[in-house]
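Working notes for the structure below.
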Amino acid sequence: MKAELLYEGKAKKVYLSTTDSERLVLSYKNDATAFNGKKKENFPGKGRLNNEITSVIFPYLHEKGIKSHFVKKLNETEQLVLKTTIIPLEVVVRNLATGSITKRLGFKEETPFSPPLVELFYKNDSLNDPLINDDHALLLTNISAEELRDIKAKAIEINTVLQGFFRSMNLILVDFKLEFGLLSDGTIILADEISPDTCRLWDIETKEKMDKDVFRQGIGDLITVYEKILQRLEARV
Ligand code: ADP
Ligand code: UDP
């Protein structure tokens, strides 16, 4: 199913598919990184958990009318996706203030954002993924102003769907990051992953952090909380 390794990232390996030049195999690794790769640790089982979690979330979005690159889960750690040219933007949606925005702009922890706040970061490790505005995004990518508006609107729509989805599992969707890519016909589509690596999820009752913040902040066991997220997702579907 997988042929040439195209790219090895911090959390996944990307392979060409042997059978279809328009498809890729994403292989989820056990590595966790934070602070732009400065903190790094290997967690046996993490790749399987994120592959499984993403393989529940993308089909759920599809049911709700939100298309993505996801084709199917292949095995414990791998999934087949549509090949895209990734737009080098990290589209972050925030419902509550935490993380970088509290440090950058001084928002008090847990300040609610209603409507949700959308931020754009330039996906560029050597520049530390800086926060950018819409004008920068148009200069730094090949997309039009209308396509950028559509991406931001899509991110808000995904937030609405996922907030309800996670709420039904007693989880608060605090914030998350999305990536979009261009298919060969120029259509823009949701890509990459949606997992506890890329979302902040808190238990509604206890406010327990159940995402990569347990690793970033050294406040818990990553595998234990990711397992709990998968269990709640599986209990729901
Ligand atoms: P990073 O590059 O930030 O270290 P990962 O380790 O998750 O991230 O690597 C996965 C890479 O695959 C990312 O660069 C991501 O943008 C890219 N990617 C995700 N989905 C697709 C897709 N459908 N087509 C092409 N590239 C993709
Ligand atoms: N995020 C991500 N990849 C990144 C940066 C952020 O998936 O390279 C996610 C992160 O998990 C959180 C949201 O985007 O859900 C907002 O992150 P923030 O800007 O607060 O960054 P951090 O505090 O992680 O530096």
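Indexing begins at 1, ligand by ligand and atom by atom, following the structure's order. Below, each value reflects all heavy atoms present in this structure, side chains not excepted, and no hydrogens, waters or symmetry copies.
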Does Thr84 approach ligand 1 within less than 4.0 angstrom via side chain, backbone, both or neither, non-hydrogen atoms only? both

Could you check whether the rings of Phe58 and Phe70 sit parallel, tilted or perpendicular, using 30° and 60° as the cut-offs? parallel

Less than 3.5 Å apart, any donor N or O on the side chain of Asn36 or Asp129 sitting next to an acceptor on the other? no

Without hydrogens or angle criteria, can the side chains of Asp203 and Thr206 be said to hold a donor-acceptor pair below 3.5 Å? yes

If you measure every N/O of Asp125 against every N/O of ligand 1, is any gap under 3.5 Å? no

May I ask you to identify, for Asp192, whether its side chain, its backbone, both or neither come under 4.0 Å of ligand 1 on a heavy-atom basis? both

Could you tell me which atoms of ligand 1, counted from 1 in the order shown, lie closer than 4.0 angstrom to a heavy atom of Ala11? 5 (P), 6 (O)

Can you tell me which portion of Lys12 lies within the under-4.0 Å heavy-atom range of ligand 1? Options are side chain, backbone, both, or neither. both

Nearest to atom 7 (O) of ligand 2 by heavy atom, Glu193, Lys177, Lys212: which? Lys177

Suppose I only count heavy atoms of Glu179 and a 4.0 Å limit; which atoms of ligand 1 are within that range? 15 (C), 16 (O)

More than 12 non-hydrogen atoms from neighbouring residues, nucleotides or ligands closer than 6.0 Å to CG on Asn124, yes or no? yes

Counting heavy atoms only, name the option from Ala11, Gly37, Ser100, Ala34 that's nearest to atom 20 (O) of ligand 2. Ser100

Polar proximity ligand 2 side, Asp175 side, N/O cut 3.5 Å exclusive: yes

Please say whether more than 12 non-hydrogen atoms of neighbouring residues, nucleotides or ligands are located less than 6.0 Å from NZ in Lys207. no

Min N/O separation Glu90 to ligand 2 under 3.5 Å: yes

Ligand 1 to Leu26 polar contact by distance, N or O atoms, under 3.5 Å: no

Ligand 1 to Leu82 polar contact by distance, N or O atoms, under 3.5 Å: yes

For ligand 1, which atoms sit closer than 4.0 Å to a heavy atom of Leu24? 22 (C), 24 (N), 25 (C)

Just to check, does Asp197 reach to within less than 4.0 Å of ligand 2 when the distance is taken from its heavy atoms? yes

Just by distance, no angles: are the side chains of Asp197 and Ser195 close enough, under 3.5 Å, to form a donor-acceptor pair? no

Taking atom types as modelled, is there a side-chain donor on Ser168 or Arg236 under 3.5 Å from an acceptor on the other? yes

State plainly whether the residues Arg149 and Glu146 are in salt-bridge range, i.e. N to O under 4.0 Å. no

With a heavy-atom distance limit of 4.0 Å, tell me whether Glu8 approaches ligand 1 through its side chain, its backbone, both, or neither. neither

Any heavy atom of Lys29 under 4.0 Å from ligand 1? The part involved is neither

On a heavy-atom basis, I'd like to know which of Arg200, Gln217, Arg216 is closest to atom 23 (O) of ligand 2. Arg200

Nearest heavy atom to atom 2 (O) of ligand 1, choosing from Phe70, Tyr7, Phe180, Tyr28, belongs to Tyr7

Is the closest heavy atom of Lys123 to ligand 1 under 4.0 Å? yes

Out of curiosity, is Arg94 lining ligand 2, as in a heavy atom under 4.0 Å away? yes

Mutual orientation of the aromatic rings belonging to Phe215 and Phe43 [parallel < 30°, tilted 30-60°, perpendicular > 60°]: perpendicular

